[in-house]
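Below: one structure, written as structure tokens.
Only heavy atoms go into these numbers, but all of them, side chains included; no hydrogens, no water, no symmetry mates. Computed from a predicted structure; not experimentally measured. Here is how names work: the chains are called A, B, and so on, in the same order as the sequence lines, proteins then strands, and each is numbered from 1.
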Number of protein chains: 2
Amino acid sequence: MSNLADRIEEYLKMILSEAKEGYIVLQRGFLAQSFSCAPSQINYVLTTRFTAERGYIVESRRGGGGYLRIIRLGLDPEGKFQRLMAELIGEELSQDRANNLIDRLEEEEIFTKREAILIKSIFAERMLTDLIPSPSVFRARTMKEILANMCRDDINV
Amino acid sequence: MSNLADRIEEYLKMILSEAKEGYIVLQRGFLAQSFSCAPSQINYVLTTRFTAERGYIVESRRGGGGYLRIIRLGLDPEGKFQRLMAELIGEELSQDRANNLIDRLEEEEIFTKREAILIKSIFAERMLTDLIPSPSVFRARTMKEILANMCRDDINV
DNA sequence: GACTTTATGACCTTTCTTGACCTTTGAATA
DNA sequence: TATTCAAAGGTCAAGAAAGGTCATAAAGTC
């Protein structure tokens, strides 16, 4: 049922949440061994689950004494945030990337759970394909517009 | 008499009624096997019986560890949402009418102020005209989908 | 008989998992 | 110092494991 990749992801997030410094350092081979899987499976989890949209950076080093470092990014609420988002979103935004980003913004409490569900439901491929020639462009533009609006000061009064 | 689709529907509703969380997760292949039918028959049942208008949302995931999740929407005693959704089916929704509707739903505390602003910003004509051939159809469809999702029971967990 | 609903099967896309092979790094050795 | 080698991590393609779509046949309905 729940697959290996999900379990590894969950484990990493668990120990990451307990890490005071906001990052963890570990060895690929060792992790793979403890999950009884191919080492490349670890890379798969890292590249699919610990992406920039989801709020992570992964650094690594090869050779003797090599390691993986997974860093949890925090969003600073200063205006830098919007530029960062705009850059991250770019001109197109697939459904997958959008979902990752929205989840992340929910974790950062920029969106409520209801808002996250609302936006995701709009962005679903099945909602857009037959009506919009380029859904990815639509998502990118809309996401930026939403973020701009969510920064309005009058909104939580 | 009682055909396959009806029996599958009945079965799903039965286990759904026993699900504390308001949703069930299962595998298409497994379900098809236990009813001795083609997997696509399950999709048929889902698309004809478990629609938003009937009070359900279906999510799914492909690949290893894939699944179907059927979510029962919360009760809507006055049937207000259902009526609204029915009205919006296949209909068109101008920006003006959309704004009025959203304002009303905000007054009725179905949407928060933030949510209202969010939706309106998406529906703005300037956001849609150049990307979408028929913005009004898009608004109607999207509004329906949003309403359905706002009925989700798991939304405040 | 015409129309609608149900059912199937062939083919497609997405996601996960593994294994073979490659690259980098640092330490030991010639 | 230059070379070698072991110990990491990286990449990629193939195959498995799910669910999705669509045309068409079969079964009901009027």
Side-chain angles (χ1 to χ4, degrees), chain A residues 1-13 23-51 53-54 56-71 94-100 103 120 123-131 135-136, chain B residues 1-13 23-51 53-54 56-71:
Chain A
M1 199 62 131
S2 107
N3 56 34
L4 187 52
D6 287 344
R7 279 187 287 122
I8 295 173
E9 174 189 10
E10 195 180 357
Y11 169 72
L12 289 175
K13 284 186 173 165
Y23 66 82
I24 55 177
V25 178
L26 40 80
Q27 288 191 263
R28 187 181 74 152
F30 184 75
L31 186 59
Q33 250 190 358
S34 64
F35 277 93
S36 305
C37 66
S40 55
Q41 177 73 353
I42 306 303
N43 296 79
Y44 176 71
V45 173
L46 292 179
T47 54
T48 55
R49 310 324 211 243
F50 293 84
T51 61
E53 288 116 38
R54 295 194 184 204
Y56 301 91
I57 288 179
V58 177
E59 297 173 347
S60 69
R61 183 148 192 190
R62 302 188 185 188
Y67 60 83
L68 299 173
R69 182 200 309 262
I70 308 175
I71 305 167
S94 70
Q95 183 180 356
D96 269 359
R97 282 187 57 224
N99 282 340
N100 290 338
D103 284 341
K120 281 191 217 168
F123 283 176
E125 199 67 36
R126 104 191 123 75
M127 291 291 294
L128 308 178
T129 31
D130 62 324
L131 230 45
S136 292
Chain B
M1 191 61 152
S2 102
N3 57 30
L4 186 51
D6 288 343
R7 279 187 289 121
I8 295 173
E9 174 188 10
E10 194 180 357
Y11 169 72
L12 289 175
K13 285 185 173 166
Y23 65 82
I24 54 176
V25 177
L26 40 81
Q27 288 190 262
R28 188 182 72 153
F30 185 75
L31 187 59
Q33 251 189 357
S34 63
F35 278 92
S36 306
C37 65
S40 54
Q41 177 71 358
I42 305 302
N43 296 80
Y44 175 71
V45 173
L46 292 180
T47 53
T48 55
R49 273 51 171 198
F50 292 85
T51 61
E53 296 99 274
R54 296 196 185 203
Y56 300 90
I57 287 179
V58 178
E59 298 173 345
S60 69
R61 184 156 186 187
R62 302 189 186 189
Y67 60 83
L68 299 173
R69 182 199 310 264
I70 307 176
I71 304 168

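- Here side-chain hydrogen bond (donor to acceptor under 3.5 Å, both in side chains) pairs that include residues 26-43 of chain A, with residues two or more places apart or in two chains, are Arg28(A)-Asn43(A).
- For the pair Ile70(B) CD1 and dG19(D) P, the computed distance is 12 Å after rounding to whole Å.
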Could you run through nucleotides 16-27 of chain C and give me one letter per nucleotide, 5' to 3': B if any protein heavy atom sits under 4.0 Å from the base, S if only the sugar-phosphate is that close, - if neither?
BBBB---BBBS-
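- Summarising the geometry of Phe50(B) relative to Leu12(B), their closest heavy-atom pair is CZ-CB, 3.6 Å, with the distance given to 0.1 Å.
- Rounded to whole angstrom, the span from the CZ atom of Arg28(A) across to the P atom of dA7(D) amounts to 15 Å.
- Among residues two or more places apart in sequence or in another chain, the side-chain hydrogen bond (donor to acceptor under 3.5 Å, both in side chains) test is passed with Arg7(B) by none.
- In this structure the side chain of Leu68(B) never reaches within 4.5 angstrom of the side chain of Leu31(B), judged on heavy atoms.
- Taking atom CD on Glu9(B) and atom C1' on dA7(C), their separation rounds to 16 Å, with Å as the unit.
- By the 4.5 Å heavy-atom criterion applied to side chains, Glu53(A) and Asn99(A) are not counted as neighbours.
- For residues 40-49 of chain A, every residue pair satisfying the salt bridge (Lys or Arg N to Asp or Glu O under 4.0 Å) rule, not counting sequence neighbours, is listed here: Asp6(A)-Arg49(A), Glu9(A)-Arg49(A).
- Along DNA chain D, the nucleotide nearest to Ser60(A) and the one nearest to Ser60(B) differ in position, and the one closer to the 5' end is contacted by Ser60(A).
- The shortest heavy-atom contact between Cys37(B) and Ile42(B) is SG-CD1, 4.3 Å.
- Put simply, CZ on Arg69(A) is 17 Å from P on dA8(D), counting in whole angstrom units.
- Remark on the helix from dG1(C)-dC30(D) to dA30(C)-dT1(D): inter-end axis angle 0°, axes from five-pair C1' superpositions, rounded to 10°.
- When the C1' atom of dA7(D) is taken as reference, atom CD of Gln33(A) falls 13 Å away, rounded to whole Å.
- The separation between Glu125(A) atom CD and dT13(C) atom P is 14 Å, rounded to whole Å.
- Going from atom CG of Leu68(A) over to atom P of dA7(D) covers 18 Å, rounded to whole Å.
- Evaluation of the side-chain hydrogen bond (donor to acceptor under 3.5 Å, both in side chains) rule for Glu10(A) yields no partner, not counting sequence neighbours.
- A donor-acceptor pair under 3.5 Å is formed between the side chain of Asn3(A) and the backbone N or O of Gly64(B).
- Separating the CD atom of Glu59(B) from the P atom of dG20(D) is a distance of 12 Å, rounded to the nearest angstrom.
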